[in-house]
Amino acid sequence: ILDATGVGDPIYDDLKRVYGDIEGFKFTSGSKTALVQRLIVAVEQRRVSWPAASGQTAVDGGHQPSPKDSGLASWEILTSEMKRYEYEISPSGGITYNAPSGYHDDCVMALALANHQRWETESCGNMLRVEGGERRGGVIARRRERVLAG
C-alpha cells in the first residue's frame, strides 16, 4: 500500500505495472484523519509497536533493543516523529493531524498505511482478491474486489 495522491500517483502507476500486488491510497483530509485515528487506537491497544530508541523503554513495554541492533536509527526517527505529531481542532470542530511546521511525518504516515492494511485484513477476515474488468465508455476498467474465502 502506498500514497497514490498527487505526485505519488505516477509512482503508483509505474510500480503497479511492475508489481501487480500494490494498492494505492488516496489521501484526503477525511481519509488521513481516519488513518491517523486508526493508528492511535492500534498503538493504544498495543496492536502496533516498534523497537525503542536508545536509552528509552520499549514502545510496547517489551524488549529493550541493544544499541547494536541494526536499523535502530530508523526507529529513532519514527519515535521522534510520533512524539512531535500533533492535532488541531478547527473552529468548525474538525480535526486535522500533521507534523509541526518544519518537520516531517513520512515515517508516521508509512506506519499508518501499514496499520491500515493490517486493520483492513483483520477486519475483513480471510479474503481472496479477485481481479475483474468492467466496461466503461468503451474501455475495460480493472477493479479489485474482496470476496469472502469459502
Side-chain angles (χ1 to χ4, degrees), residues 1-54 56-66 69-89 93-100 103-136 139-150:
I1 186 165
L2 65 119
D3 181 358
T5 313
V7 296
D9 202 25
I11 295 168
Y12 165 74
D13 290 339
D14 289 346
L15 290 172
K16 183 70 175 173
R17 278 192 288 277
V18 177
Y19 306 102
D21 195 20
I22 290 182
E23 184 177 328
F25 186 90
K26 297 282 187 182
F27 280 95
T28 64
S29 79
S31 69
K32 182 176 180 180
T33 297
L35 193 73
V36 171
Q37 288 177 343
R38 191 171 294 129
L39 177 61
I40 291 167
V41 170
V43 170
E44 287 175 349
Q45 292 177 346
R46 297 180 183 227
R47 298 183 74 96
V48 169
S49 63
W50 60 95
S54 303
Q56 300 173 355
T57 58
V59 175
D60 66 354
H63 166 70
Q64 170 68 37
S66 81
D69 288 348
S70 64
L72 191 58
S74 298
W75 296 114
E76 289 175 355
I77 294 168
L78 172 61
T79 301
S80 295
E81 283 188 12
M82 290 290 284
K83 286 180 177 180
R84 271 193 297 269
Y85 210 67
E86 56 190 28
Y87 69 94
E88 185 178 323
I89 301 175
I95 298 175
T96 57
Y97 296 91
N98 286 297
Y103 291 95
H104 299 282
D105 65 357
D106 298 332
C107 294
V108 173
M109 289 296 94
L111 183 62
L113 286 170
N115 178 61
H116 171 73
Q117 191 67 31
R118 178 204 60 81
W119 175 84
E120 203 173 57
T121 302
E122 286 180 2
S123 298
C124 297
N126 293 332
M127 306 300 271
L128 173 65
R129 184 179 59 228
V130 177
E131 293 193 37
E134 181 176 298
R135 189 165 288 281
R136 285 188 208 148
V139 178
I140 294 179
R142 292 184 98 25
R143 74 169 190 257
R144 289 174 55 164
E145 297 178 8
R146 292 189 183 263
V147 181
L148 285 173

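These values consider heavy atoms only, across backbone and side chains, with no hydrogens, waters or symmetry-generated copies.
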Visitor: Which atoms form the tightest heavy-atom contact between A4 and G24, and what is the distance?
Guide: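 Nearest pair, atom of A4 first, then G24: CB-CA, 3.8 Å.
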Visitor: Test side-chain contact (heavy atoms from CB on, under 4.5 Å) on L39 and W119 and set out the steps.
Guide: CA-CA 9 Å; L39 177 61; W119 175 84; over 6 Å; no
Visitor: Going through the checks in order, is the side-chain contact (heavy atoms from CB on, under 4.5 Å) test met by L113 and L2?
Guide: CA-CA 7 Å; L113 286 170; L2 65 119; 5.5 Å; no
Visitor: Rounded to the nearest 0.5 Å, what separation is found between the CD atom of E81 and the CD atom of E76?
Guide: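 It is 13.0 Å, given to the nearest 0.5 Å.
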Visitor: Between V48 and N115, what is the shortest heavy-atom contact and its length?
Guide: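 Closest approach of V48 to N115, heavy atoms only: CG2-OD1, 3.2 Å.
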Visitor: Whether the side chain of S49 engages the backbone of R46 through a donor-acceptor N/O pair (distance < 3.5 Å, no angle test) should be reported.
Guide: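 It does not hold such a pair.
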Visitor: What's the verdict on side-chain contact (heavy atoms from CB on, under 4.5 Å) for V36 and Y85, showing C-alpha distance, side-chain angles and the deciding distance?
Guide: CA-CA 10 Å; V36 171; Y85 210 67; 3.8 Å; yes
Visitor: Nearest 0.5 Å, please: how far is CD1 in I77 from NE2 in H104?
Guide: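 With rounding to 0.5 Å, NE2 (H104) is 10.5 Å from CD1 (I77).
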Visitor: Can you pull the salt bridge (Lys or Arg N to Asp or Glu O under 4.0 Å) pairs that have at least one residue in residues 1-11, sequence neighbours excluded?
Guide: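 Sorted pair list: D9-K26.
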Visitor: Nearest 0.5 Å, what's the CD1-CG distance between I40 and L35?
Guide: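 That separation rounds to 10.5 Å.
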Visitor: Return the set of residues passing salt bridge (Lys or Arg N to Asp or Glu O under 4.0 Å) with R84 (not counting sequence neighbours), or none when no residue passes.
Guide: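 Not a single residue meets the salt bridge (Lys or Arg N to Asp or Glu O under 4.0 Å) criterion with R84.
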Visitor: Mind checking what makes side-chain contact (heavy atoms from CB on, under 4.5 Å) contact with Q37, not counting sequence neighbours?
Guide: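 Once residues adjacent in sequence are excluded, the partners of Q37 under the side-chain contact (heavy atoms from CB on, under 4.5 Å) criterion are T33, I95, Y97.
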Visitor: Check the pair T5, K32 against side-chain contact (heavy atoms from CB on, under 4.5 Å), reporting the backbone distance first and the verdict last.
Guide: CA-CA 11 Å; T5 313; K32 182 176 180 180; over 6 Å; no
Visitor: Roughly how far, to the nearest 0.5 Å, is the CG atom of D106 from the CE atom of M109?
Guide: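 Rounded to the nearest 0.5 Å, the CE-CG separation comes to 9.5 Å.
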Visitor: CZ of R38 to CZ of R118: how many Å apart, nearest 0.5 Å?
Guide: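 It comes to 9.5 Å.
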Visitor: S80: what forms a side chain to side chain donor-acceptor pair (under 3.5 Å) with it, not counting sequence neighbours?
Guide: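 Residues passing side chain to side chain donor-acceptor pair (under 3.5 Å) with S80: none at all.
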Visitor: Can you list every ring-ring contact (aromatic ring centres under 6.0 Å, His included) pair that touches residues 24-44, not counting sequence neighbours?
Guide: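 Listed by first then second residue: F25-F27, F25-H116.
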Visitor: Can you list the residues that meet the side-chain contact (heavy atoms from CB on, under 4.5 Å) rule with E88, with sequence neighbours excluded?
Guide: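 side-chain contact (heavy atoms from CB on, under 4.5 Å) list for E88, sorted by chain: T96.
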